[in-house]
Visitor: 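Below you will find the structure I want to go over with you.
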Amino acid sequence: MSASHVSLAFRRVSRTFPGGVVALNDVSFSVPAGGLTAVIGPSGCGKTTLLRIAAGLDRATSGRVELIPKSILKDGAVHFAGDRKTSVCFQDPRLLPWRSVIDNVALPLELAGIARADRMARASQVIAAAGLSDAKYRMPSQLSGGMRMRVALARALVTRPEVLLLDEPCSAVDEFTRMQLDEEIRRVWQASGATTLLITHSVSEAVWLADQIVVMGGASIDEIYQVQLPQGSRDRTSAGFLFEVETVMKLLARAAGVVAT
Amino acid sequence: MSASHVSLAFRRVSRTFPGGVVALNDVSFSVPAGGLTAVIGPSGCGKTTLLRIAAGLDRATSGRVELIPKSILKDGAVHFAGDRKTSVCFQDPRLLPWRSVIDNVALPLELAGIARADRMARASQVIAAAGLSDAKYRMPSQLSGGMRMRVALARALVTRPEVLLLDEPCSAVDEFTRMQLDEEIRRVWQASGATTLLITHSVSEAVWLADQIVVMGGASIDEIYQVQLPQGSRDRTSAGFLFEVETVMKLLARAAGVVAT
Amino acid sequence: MKIRSIRTVIAPAVAVVIALAAWEVAVAITGVRAYLLPGPLEIARTMWLNSARLFDASIQTAMAATIGFVIATGIGIVAGSVIAAVPVLRRALYPLATILQMVPLVAVAPLLVIWLGFGLPTAIAAATVVAIFPVLAATIDGQVSVDPGLREIFALHGASGWTRWSKLDLPASIPNIVTGLRISAGLAVIGAIVGEFVSGYGGDDAPLGIVVMSAMREARTDLVFGAVALCAVVGFALFGLVSFVGWVLVRRWHSSAVDPSGEKS
Amino acid sequence: MKIRSIRTVIAPAVAVVIALAAWEVAVAITGVRAYLLPGPLEIARTMWLNSARLFDASIQTAMAATIGFVIATGIGIVAGSVIAAVPVLRRALYPLATILQMVPLVAVAPLLVIWLGFGLPTAIAAATVVAIFPVLAATIDGQVSVDPGLREIFALHGASGWTRWSKLDLPASIPNIVTGLRISAGLAVIGAIVGEFVSGYGGDDAPLGIVVMSAMREARTDLVFGAVALCAVVGFALFGLVSFVGWVLVRRWHSSAVDPSGEKS
Amino acid sequence: DRSSPPESGQPASPTKKLTSVTLQLNWVPEPEFGGMFAAVHDGIYADEGLEVEIRKGGAQVPCAQLVASGQVQFAVVSGEEVLTLRARGGAIVAVFATFQQNPTGFLLHASNPIDSLEALWTSASTIGIDPGLPFVQILNQKYGGKSLKLVPYSGALATFMASPEYVQQCFITAEPVECQLRGLATKVLPISDVFNPYGAVIATNETTIRDNRPMVEAFVRATREGWRRYLKSPEVYNPTIARMNPSMTIEAMNLAAKLEAPLIIPQSEGSLDGESSIGRMTLERWRITGEQLVQTGVMTAVGTVEDAFLKVDSAPH
Ligand SMILES: Nc1ncnc2c1ncn2[C@@H]1O[C@H](COP(=O)(O)OP(=O)(O)OP(=O)(O)O)[C@@H](O)[C@H]1O
Ligand SMILES: Nc1ncnc2c1ncn2[C@@H]1O[C@H](COP(=O)(O)OP(=O)(O)OP(=O)(O)O)[C@@H](O)[C@H]1O
Ligand SMILES: [Mg+2]
Ligand SMILES: [Mg+2]
């Protein structure tokens, strides 16, 4: 897999919903080609809105999103074609209720016209990585909440995308499953060189995965923090790691308007 | 508010789903009257199934759930009447899409026949505690994912129930909002003396709130841990707290079959 | 908002105009005889010449159709809700209700006439009978498929019967019921017309059904089509009303009406 | 599973038996004349005495109704999907389609007979015309209200048109379409009967519509009701088939069919 | 193939190729079509080189339009339908008038004190009648009829049988017979006194006459002969009719045949032996009907009544 050459830049993006809710106010930052940027911030601060605009599913009221070199600009919205290989994992699983786990995971491959045997093989692989091999042929209604989210994550990773947008993919699972999934995300990210935007509520997840952490507070950016640890050799128990987590936690506390205890 | 006199006991509860998935295998423990027991365990280990059986929404294949002193036993299933004041917060928000936030939160009071002015006042109070005052009149489709879960939690807390069953109520929110919600849960729990079962993925949440932590691994109980800290004066930064967290984390790691790093 | 409502009116108007123009041209080209298929212009002329009679007839028929439709709506929603709520009834009566729908009206017409007499009551009864099943079926299907997750919320608070119905089942199934009502609206008009075939009064205050019959008898196909056009107008008015009410009820929450940028969980 | 399917058959059978018994008793008590309303026993006797003729007639009518229903299903689903997919068409044609439904069949019957000739083709066309709208409306409403969250998944992968339709819109709207088909099933039979009214068959193989007409003329109300009962049987068979197919398609995922203990997000 | 093959009489000579034609009835097979069935039964059509398929009809079958547009060669329609459709541009032509006297009337319970059209039309009765029948206008113009309640004729006799005050239109040889067989005493007020078009007219279209006039004439001759035989001994042919219409008993058919004979046999004709002029039409009668239709507003002008019917001589070609 060659590294992605697409970088994702938000330029003064604002979004006001009908009714007057300002979800984003003048947000600017960029995810370098092949980089992994995490977005953290309190609930309701506009993270999902940001991701939806990046995915072309919503439009900025002003400002624009650029995909460089291949940018398509139109009223501030980016429209991805299928071949652009963008994957999104939404905050809710969004599985097709009439398809089994493996058929849900294989859906993007199916839509890309990949042969059945191939797509089953690749889907099985990510399903195994998500710890769902036993549930491969179950229907969504037969899964636990965390399992459903893992299926959704597997579906996002199965295409080895160029641009990967993840909205709290691990929030419904326990800390150990989360670590496994983090490893899978990193594996896919590194193998494909995808330009990745990860929304998360876990600071340690952000520090472990990201090059850069965007801390949001109420509709705008509070701080952009560059993680000081080298990729690939991060150790959750090391002092350096804990220090970074502490630092980001403070930034988040400030953004959330809470005095950290 | 008087303390609840209902204790919740699981006696050799097993649940096998049609198709052969064993979700619970011989699970026994009890939540003392007015106590708060947390359940932690890897994704898919049977936590939600346990809660559903306690709520009378699913039936144990064998074994039974007892509500003491008022136990109603019938084929291992417990059927709550409305006056029993059981509240459940499910893993997914389950809001009525045609009702605003405040009308969703007030629903249980409305169903209990409480007058409009009263229920609006009480609903406004829990909505404020959940940090949603600004969004009181929005429709569910206008909320962020975390906000929806907070509405669901507020709805569970608004009745000051005798038995409170919470299924990962805080998984979709950031760590600071989570702390606020934890405080609200504790406040309601202590004020009402509700016998509470809390499913969570956050060990520190479990340690901060619970008297007792049930650690599950693959369909059965791995360990039942009594938290050694006095209720009401727990400090997340104290050495004692961090030690407890460490200990429970190890139990969870063993249950999850992961070598803790 | 404003642009949208203008479009809602203009688009079907344009479609109608195009369809009529195509019809006129087709009639002119094929030279089909007027007693078989008159062109829209000729029909319009006939309607104009007979406007007083046709107006009265339309009012009569509209009344029968509307009253029948309202009754069918009431019965359909109530009976559908009861049937949906009680599994035994659902199994037993849903199939039986379909039979009701399949009895050709003309076959029971003598009975209807004896019970209800000639004129409006029978036309109303016919409209009701024909319009009831779609509402019933849609109500049942809508209420049976209410999200079980929401059901559980109500069950936990001991809400059942009337409370659950009014606060959950009914609002949740409104989109289905509106679909059913859209179908029923048209059928009510047909039912009224057929009812008039067997029970309408002749003379000056003849309803559309009788106008159609006598025009057919006199081979006045232009008048037949004129009357048919008015049937369509009546039905269309009912349909529009239903669609509007449905839109008002559902716009705040149902996915098809929600702002497309709103995320839905 | 087995118990459930037995119940599915027994419950309506019991309901039918109860309804028939009540009818017989009511007829006996009120002493209503047989030429107005014969009791079920007398109707059964007549059906038995005319079984050969009625059997042939039912086959004829069933054929017309079934073929019409199948055609209506095809056109309804295809046209409904196209209309749902293109907003301009939806605004323009949905209202227009309702008009189609409101044209009384008898009024256009001469045209149908002249274009399609006698017998089966006209009866099929009539069944199709009458049955098409419920499928169309249900298809449109079902596909318009597909979960926008799932829509976005497909949009992101550049799936549109045929792919999105076959893999998302169609499966997601199957429950709606099945409701529409349930309504259409009954209407198709009515349509076939009315079609037979206008396109009499020659020979000995008269369909049910003709049997009804001639029996009415001769005040043989028992035979009328016998024929009507068979109309109901035909419609009921179609309805049952639709319900069964719907159940098979949906049972694995739709909430109304899922194991009630299954949690749904 | 739905035609009834000849079962007796002289079979057609095998060398002669038969021309297939269709006759569309406007009701189910009954004695009012007896002559045509007799002609099929005895092979008279076949002798004339015709293979005739008789198609059942019903209340809603658009017979006049069908024959005018050439879907069938022949159809049974009413006299006034020929003129109205011609006024609307239909190329329909009458070739044989079965009923010399209008067979339509009003059916009343015997107990009903009304005994004339005038008494009926000035009463407050409820009358079941097909909307759009022209004689209603004629009666209105004559007697007013302001207090009458005109309701659609449902085709069902049950309504009549259930209500003693109720009056309905009838075919003189059909409904009264049914009532008589059920022991219900009735009386009939024929409308031929005020409106007397030909009844059960066999019509064809102008194209058929232009292209194949000999065939049309052959058909008329054979039909005429069929009627002569049928009226002489209807019981021979009624079983054939009954086979196509099992809901009417042979007994009822025999009775109906007796009742219809005086309406069919021209008044000039003493007996049915030898040559017959059954089915003949006169310009005078057609013109009167046309004028009445203009009077009622159904048509605006009488037009060329001469072209509305075709006289076919009885003499063999
Ligand atoms: N309706 C069902 N039919 C079959 N299997 C089911 C059904 N519901 C749950 N299961 C299975 O039962 C097991 C336990 O599910 P449960 O929802 O209790 O897990 P959980 O501990 O709540 O997990 P999570 O933390 O991911 O929510 C899982 O393997 C799941 O796949
Ligand atoms: N369709 C909408 N209409 C109106 N307001 C909306 C809409 N969607 C979102 N909002 C509002 O916009 C703000 C940002 O929402 P967003 O979903 O981006 O938050 P978030 O950062 O993803 O939160 P969470 O962590 O809880 O998911 C919230 O206040 C929300 O209520
Ligand atoms: Mg979000
Ligand atoms: Mg769970």
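A note on names: the letters A, B, ... follow the listed sequences, proteins ahead of strands, and every chain is numbered from 1. This is a predicted model, so every value here is computed, not measured.
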Visitor: Measuring only between side-chain heavy atoms, which start at C-beta, is D/K167 closer than 4.5 Å to A/L111?
Guide: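 Contact flag for D/K167/A/L111 side chains = yes.
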
Visitor: Could you check whether any side-chain N or O of A/R94 sits under 3.5 Å from a backbone N or O of D/G149, counting only pairs where one atom can act as donor and the other as acceptor?
Guide: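 The answer is yes, because a donor-acceptor pair under 3.5 Å joins these two groups.
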
Visitor: Tell me, do A/L96 and D/I153 make a side-chain contact under 4.5 Å, heavy atoms counted?
Guide: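 A/L96 vs D/I153: side chains apart.
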
Visitor: Can you name the closest pair of heavy atoms from A/L95 and D/L150 and give their distance?
Guide: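 Residues A/L95 and D/L150, closest heavy atoms: O-CD2, 3.8 Å.
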
Visitor: Roughly how far, to the nearest 0.5 Å, is the CG atom of A/D92 from the CG atom of D/D147?
Guide: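 Going from CG on D/D147 over to CG on A/D92, the span is 8.0 Å.
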
Visitor: Hey, does D/L249 have a side-chain heavy atom less than 4.5 Å from the side chain of A/W98?
Guide: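 Answer no - side chains too far apart.
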
Visitor: Can you tell me how far the CD atom of A/E110 sits from the NE2 atom of D/H157, to the nearest 0.5 Å?
Guide: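 That separation rounds to 11.5 Å.
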
